[in-house]
Each structure stands twice: as C-alpha cells, then as structure tokens.
Amino acid sequence: MAADSGPPFPPLLGMNVSRAEARQLLCPDGSPWIWQLLEQCVQDAWEYWSVLIGLLSIGCFLFAALPQLYVAHKNGRVDQALSLGFLLCWLGGDFTNFVGCYLTKQLPIQIVTAIFYVNMDLIMISQFAYYKLKNKQMKGSGSLKGFCIGWVILCVTLSVLLPSQLLLRNLERNADVEVNQNSLGITEMSGFICGYVSSVFYLGSRFPQLHKNFQRKSTEGTSYMLFALAMLGNFTYGLSLILKLPSVRHSKNRYIIHHLPWLIGSFGVLFLDFFVTAQFIIYRKHKTAPSNLLALEVEPLLVDEEET
C-alpha cells in the first residue's frame, strides 16, 4: 500500500496565496512533480527511488493481462489453460485492495489503478466464460458474442466513469475538514484487514493454477508474460516499500507492521510464481519430446520407401 495522502492545508492568515501555492508551501524541499501528482513529500534519494519503482510496479500490473488476452484470443482454449479459481482469487485480491484504498481514503492514482485492475480481471473472466461456452457449443452463437462485447464495453465504460467521479469528489472535498480520531482508527483498521484479505486471495490464486498445470502436464494456452510481468510488478512493489524504510526516522517497526500485509502479498506471490516458472520450463521439454520421437519413427519408414 502506498503512502497516505498529504496533510491538510493550514490556514494562511494574512497571506494572499492560491491553493497551488499553499500546497507547495507544505513541501518546499520535496520533488515538485511527485508532490503535484501523488501528494507525497519526497525529500531524499531513498523516497525518490521508492516512488519511481512503485510507478514501475503499477505499469507492470497494468499491462500484465494483455499478453494472456492475446494468447487466449489466438488459440481459443483459455478455458482449458487457466484455472477459474486462479481468476476468481485474483479478482478477489484486486477487489479487496480497491475496498481498502477506498475506505482509508488513499490517493486518487491508487484508487484509479485499483479500479483498472478489477476491470481487467472482469475482462479476463468474461473471455474465459466466452470460450467455455463457445467450446461447449462447438461454435459461438451471435447472441453469445454480442453479450461478451457488451460486457467488455460496460467494463471499459465503468473504468472511465468511476475514476472520474472519484477525482471530482476528491477535488470538491474540503481539505481542512477535521476527521474524528475514533472513526479514523476504524477506517485504518478496516483498510488493514482488507490488506490481509487481499494477500490471502493473491497467495491462494496460484495454487489452483499450479494444480491445473500439473494435471495437464502442460502450460499450453497460458502466456508466461502474464506471470513474468506479475513477478516484476510484485518485486518492484515490495522493493519500493523496503527502499522507503531508511527514510523513516521514527517507528520503523511500526512502518513494517503497517505494510506487512502488502509485503506478504507481494513477496509471497513472487515466491509461488517461481514454481509456475519451473512448470513452464519442465512442461516445455515434455512438449518437444513427442515431436522428436515422432521424427525418429517416421525417418526409417522414409528410408524403406526410398529403397523400394
């Protein structure tokens, strides 16, 4: 989970300053573009690299599903390659992550990316359901195609409208509204619980896929780029949290405990994805073995035909 939003604007009595200038006065020595975009006051190299690597992590997760969507469209057997449990657990992790960001009033960029993750999960599940029904019927009906196209359009529309509404609400929010301390503790605790729940979902998502690959003794129909980008995203996300640790001047143990659910989720899934990588390597060898054996069996027959 990224850092909390910036402090409220203090009343600047006797000063005729704009809202943008007031914002800048809150972080005079920080990076201007990071403060304007993320409302994080970054004042040293550790925090700066933490933010950059965190943005790289977001980029990896944003494009992780695209290779799998292409491979599924190309071979049309995604229902045989991916586990439905894997997709549903991934959706559960992204959804609880979004709920945690919303309840704890995280930054707009965090909420927007969380909504994008959920919509990409819904598109992957929709594609899975489409090819499941299509392969069951041996051919896709026009109504099925129309339903899936409409569902994708709905997901894309929601991914545009919901972030826009959230950004408008964030702009209209009065910055100096005092929040009740008791309610703030409840929302932080609820976000913390959502972080643990999302970690459980993310960790649990890999086991159905590992079992599916083991049963099939194949990874055909699955894009390795899906897992490679997820590995890079989880590694950079966990690294961004660790890099910020030296800049925490007080309560380092509290910082670790506060981010522990997300550290477990990122590095735990990274560990499990090494087993998925091993399956891609092992079952690729199994895939090439039958073709070599077939070549050895056919070659003597061709020799006999030439002699006759």
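Computed from a prediction, not measured in an experiment: that's the story for all the values here.
Separating the CE atom in Met120 from the CH2 atom in Trp90 is a distance of 9.5 Å, to the nearest 0.5 Å. For the atom pair OH of Tyr130 and CD1 of Ile123, the computed distance is 15.5 Å after rounding to the nearest 0.5 Å. Atom CG of Asn119 sits about 10.0 Å away from atom OG of Ser126, to the nearest 0.5 Å. Interatomic distance, CD of Gln80 versus OG of Ser218, reported as 10.0 Å (0.5 Å rounding). With rounding to the nearest 0.5 angstrom, the CG atom of Asn234 is 3.5 Å from the CZ atom of Phe61. Taking CG of Leu272 as the reference point, atom CZ of Phe207 lies at 4.5 Å (rounded to 0.5 Å).
With Lys244 contributing its side chain and Leu241 its backbone, the two residues share no donor-acceptor pair below 3.5 Å.
Under the rule for a side-chain contact (heavy atoms from CB on, under 4.5 Å), the partners of His73 that lie at least two apart in sequence or sit in another chain are Gln127, Tyr131. Residues passing the side-chain contact (heavy atoms from CB on, under 4.5 Å) test with Leu87 are Leu82, Met124, Ile125, Phe128, sequence neighbours excluded. With sequence neighbours excluded, no residue satisfies salt bridge (charged side-chain N to carboxylate O under 4.0 Å, His left out) with Arg216. Residues satisfying the side-chain contact (heavy atoms from CB on, under 4.5 Å) criterion with Thr219, sequence neighbours excluded, are Asn213, Gln279, Phe280, Tyr283. The salt bridge (charged side-chain N to carboxylate O under 4.0 Å, His left out) search around Asp273 returns Arg206, not counting sequence neighbours. Residues that satisfy the side-chain contact (heavy atoms from CB on, under 4.5 Å) test with Pro261, not counting sequence neighbours, are Phe192, Tyr196, Ser199.
Under the salt bridge (Lys or Arg N to Asp or Glu O under 4.0 Å) criterion, the residue pairs touching residues 75-85 are Arg77-Glu220, with sequence neighbours excluded. Legend: salt bridge (Lys or Arg N to Asp or Glu O under 4.0 Å) pairs involving residues 56-71, not counting sequence neighbours: none detected. Counting only residues at least two apart or on different chains, no salt bridge (Lys or Arg N to Asp or Glu O under 4.0 Å) pair has a member in residues 228-239.
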Show every donor-acceptor pair shorter than 3.5 Å between a side-chain atom in residues 91-101 and any protein atom, with sequence neighbours excluded, or say none if there are none.
residue : atom : partner : partner atom : Å
Asp94   : OD1  : Tyr202  : OH           : 2.5
Thr96   : OG1  : Gly92   : O            : 2.8
Thr96   : OG1  : Gly93   : O            : 3.1

Donor-acceptor contacts under 3.5 Å from residues 223-232 side chains, at least two apart:
residue : atom : partner : partner atom : Å
Ser223  : OG   : Met225  : N            : 3.3
Tyr224  : OH   : Thr277  : OG1          : 2.9

Listing, residues 49-60 side-chain donor-acceptor contacts under 3.5 Å, not counting sequence neighbours, or none:
residue : atom : partner : partner atom : Å
Ser50   : OG   : Ser240  : O            : 2.5
Ser57   : OG   : Gly233  : O            : 2.8

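Across Val78 and Gln68, no two heavy atoms sit closer than the pair CG2-NE2, 3.9 Å. Scanning all heavy atoms of the two residues, the minimum distance from Pro67 to Ala64 falls at CD-O, 3.3 Å.
When side chains are defined from C-beta on, Gln209 counts as touching Thr222, because their heavy atoms get closer than 4.5 Å. The side-chain heavy atoms of Tyr117 and Leu62, taken from C-beta on, include a pair separated by under 4.5 Å. Contact check for Phe267 versus Ile242: side-chain heavy atoms found under the 4.5 Å cut-off.
Annotation: Phe235, atom CZ; neighbour count of heavy atoms from other residues, nucleotides and ligands within 6.0 Å does not exceed 12.
Grouping the Ile, Leu, Val, Met, Phe, Trp and Tyr side chains by contacts below 4.5 angstrom, directly or via other members, places Leu245 with Ile264. Note on Leu69 and Val71: separate hydrophobic clusters, where clusters join Ile, Leu, Val, Met, Phe, Trp and Tyr whose side-chain heavy atoms are under 4.5 Å apart, directly or indirectly. Residues Phe274 and Leu263 are members of one and the same hydrophobic cluster, defined by side-chain heavy-atom contacts under 4.5 angstrom among Ile, Leu, Val, Met, Phe, Trp and Tyr. Clustering ILVMFWY residues whenever any of their side-chain heavy atoms sit less than 4.5 angstrom apart, transitively, puts Phe63 in the very cluster that holds Val269. Residues Val200 and Leu260 are members of separate hydrophobic clusters, defined by side-chain heavy-atom contacts under 4.5 angstrom among Ile, Leu, Val, Met, Phe, Trp and Tyr.
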